[in-house]
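Count residues from 1 along the sequence.
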Amino acid sequence: DARNFFLPNVIPLKRNQFGAAVGGPIIKDKVFFFADYQGTRLRQGLSFNDVVPSSAERTGDFSDLLPKTVIKDPLGYAPFPGNIIPTSRISSQGAFFMPFLPAPNVIQGTTNRFIYAPTLPQNQDEGDMKVDARLTANDSLMVRYSIAENFEHNALTYPALGGTDLNSKATDYTARLTHIFGPNLINVTQLSLYDSPFIFGTVLPGQNINGEAGIQGFNDPVVEIGRA
């Protein structure tokens, strides 16, 4: 696998796919079954390359941006001396969120970057079970059950934010009755039920981030999972 142009190393890509199938008669010449299973295990590297504040900027020191960029006091719009924001003027909300921003691990000229290559794990399992029965010379019945499950953990841009889980499960139930009236007429009656819930994990589950940061005007509940 080729190296991502923006990353120093090759990110992993591992894909394993396996399965089995079996079928045969239950009652000779009358009832037959078939079953199959397939699993997939994917481990794929992701790539994040973001501009982040320098170590000095994290403390309010933006002197490296002079003279091109001047930081002004929002109260009166006068420039901060030396382009340095006093610690006393850094809001508690900003200080709360600062640890979620990673320190730079790559410096390109005057640009500070955080390069991150987590792994995306994805597990897929799917299978089918089917029975065909010849009831009479003119009647046949087919019943089938199919299922597919998927799980993946999506890492976010910054490690401190963790990641979100995605769980999905699709199931299908089908029954089909076929009757032959004659060489020119056939009737098929089919009943199917399909269900496919998705469960999305949240960022930092169990935490009311707005409340912890002291941001007012929001009444965010603590959300564990969401379903669509």
>> Does Thr171 form a side-chain contact (heavy atoms from CB on, under 4.5 Å) with Lys169? I'd like the steps, not just the answer.
In response: CA-CA 7 Å; Thr171 52; Lys169 180 179 180 180; 4.0 Å; yes
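Closest approach of Phe114 and Thr157 over heavy atoms only: CE2-O, 4.1 Å. Between Phe32 and Pro25, the shortest heavy-atom contact is CD2-CA, 3.8 Å. Of all heavy-atom pairs spanning Ser54 and Asp64, the tightest one is OG-OD2, 4.5 Å. Minimum heavy-atom separation, Ala117 to Ile11: CB-CG2, 3.7 Å. Between Pro104 and Pro53 the shortest heavy-atom distance is CD-O, 3.4 Å. Nearest heavy-atom pair across Ile90 and Thr59 is CD1-O, 3.8 Å.
Using modelled atom types, one finds no donor on one side chain facing an acceptor on the other under 3.5 Å when comparing Asn138 with His179. No donor-acceptor contact under 3.5 angstrom links the side chains of Ser47 and Asn49, judged on distance only. Donor-acceptor pairing under 3.5 Å is lacking for the side chains of Glu149 and Gln124. Residues Arg134 and Ser140 have side chains that never bring a donor and an acceptor to within less than 3.5 angstrom of each other. Between Ser55 and Glu57, the side chains place no donor N or O within less than 3.5 Å of an acceptor N or O (distance only, hydrogens not considered). Ser63 and Asn83 share no donor-acceptor pair across their side chains, judged by distance under 3.5 Å alone.
Between Asp73 and Arg89 there is a salt bridge, since at least one side-chain N of the basic residue sits less than 4.0 Å from a carboxylate O of the acidic one. Using a 4.0 Å cut-off between charged side-chain N and carboxylate O, Asp125 and Arg41 make a salt bridge. Salt-bridge formation is not detected for the pair Asp50/Arg113: no Lys NZ or Arg NE/NH1/NH2 atom is positioned less than 4.0 Å from an Asp or Glu carboxylate oxygen.
Atoms CG and OG1, from Leu177 and Thr189 in turn, are 5.5 Å apart once rounded to the nearest 0.5 Å. Between the CG atom in Asp61 and the CD1 atom in Ile84 there is a gap of 4.0 Å [rounded to 0.5 Å]. Taken from OG1 in Thr164 to NE2 in His153, the straight-line distance is 7.0 Å, to the nearest 0.5 Å. Atom CG of Asn208 is separated from atom CG of Leu204 by 11.5 Å, given to the nearest 0.5 angstrom.
More than 12 heavy atoms of other residues, nucleotides or ligands shown are found within 6.0 angstrom of CZ on Phe18. More than 12 heavy atoms of other residues, nucleotides or ligands shown are found within 6.0 angstrom of CD on Gln17. Annotation for Met129: atom CE does not count as buried by contact number, only 12 or fewer foreign heavy atoms lying within 6.0 Å.
With Glu126 contributing its side chain and Gln38 its backbone, the two residues share no donor-acceptor pair below 3.5 Å. A donor-acceptor pair under 3.5 Å links the side-chain atoms of Arg58 to the main chain of Leu101, judged by distance alone. Judged by distance alone, with hydrogens and angles left aside, the side-chain atoms of Asn105 form a donor-acceptor pair with the main-chain N or O of Ile115 at under 3.5 Å.
Counting heavy atoms from C-beta outward, Ile85 and Ile71 have side chains that approach closer than 4.5 Å.
Under the 4.5 Å side-chain contact rule for hydrophobic residues, Val131 and Ile27 share a cluster. Under a hydrophobic clustering in which Ile, Leu, Val, Met, Phe, Trp and Tyr are joined whenever their side-chain heavy atoms come within less than 4.5 Å, directly or via other members, Phe96 and Met98 fall into the same cluster. Put simply, Val31 and Met142 are part of two different groups of oily side chains (I, L, V, M, F, W, Y) that touch within less than 4.5 Å, one to the next. Taking hydrophobic clusters as Ile, Leu, Val, Met, Phe, Trp and Tyr residues chained together by side-chain heavy-atom distances below 4.5 Å, Leu120 shares a cluster with Leu156. One hydrophobic cluster, built from ILVMFWY side chains closer than 4.5 Å, holds both Phe97 and Val203.
A parallel orientation is assigned to the rings of Phe198 and Phe200, their planes being inclined by less than 30° (bins at 30° and 60°). Using cut-offs of 30° and 60° on the angle between ring planes, the pair Phe48 and Tyr116 is parallel.
Considering only residues two or more places apart in sequence or on other chains, Lys72 meets the salt bridge (Lys or Arg N to Asp or Glu O under 4.0 Å) condition with none of them.
Within the 6.0 Å centre-distance limit, the rings of Tyr173 and Tyr145 are counted as a close aromatic pair.
For the side-chain hydrogen bond (donor to acceptor under 3.5 Å, both in side chains) test with Arg144, the passing option among Asp132, Asp172, Asp128 is Asp172; the others fail.
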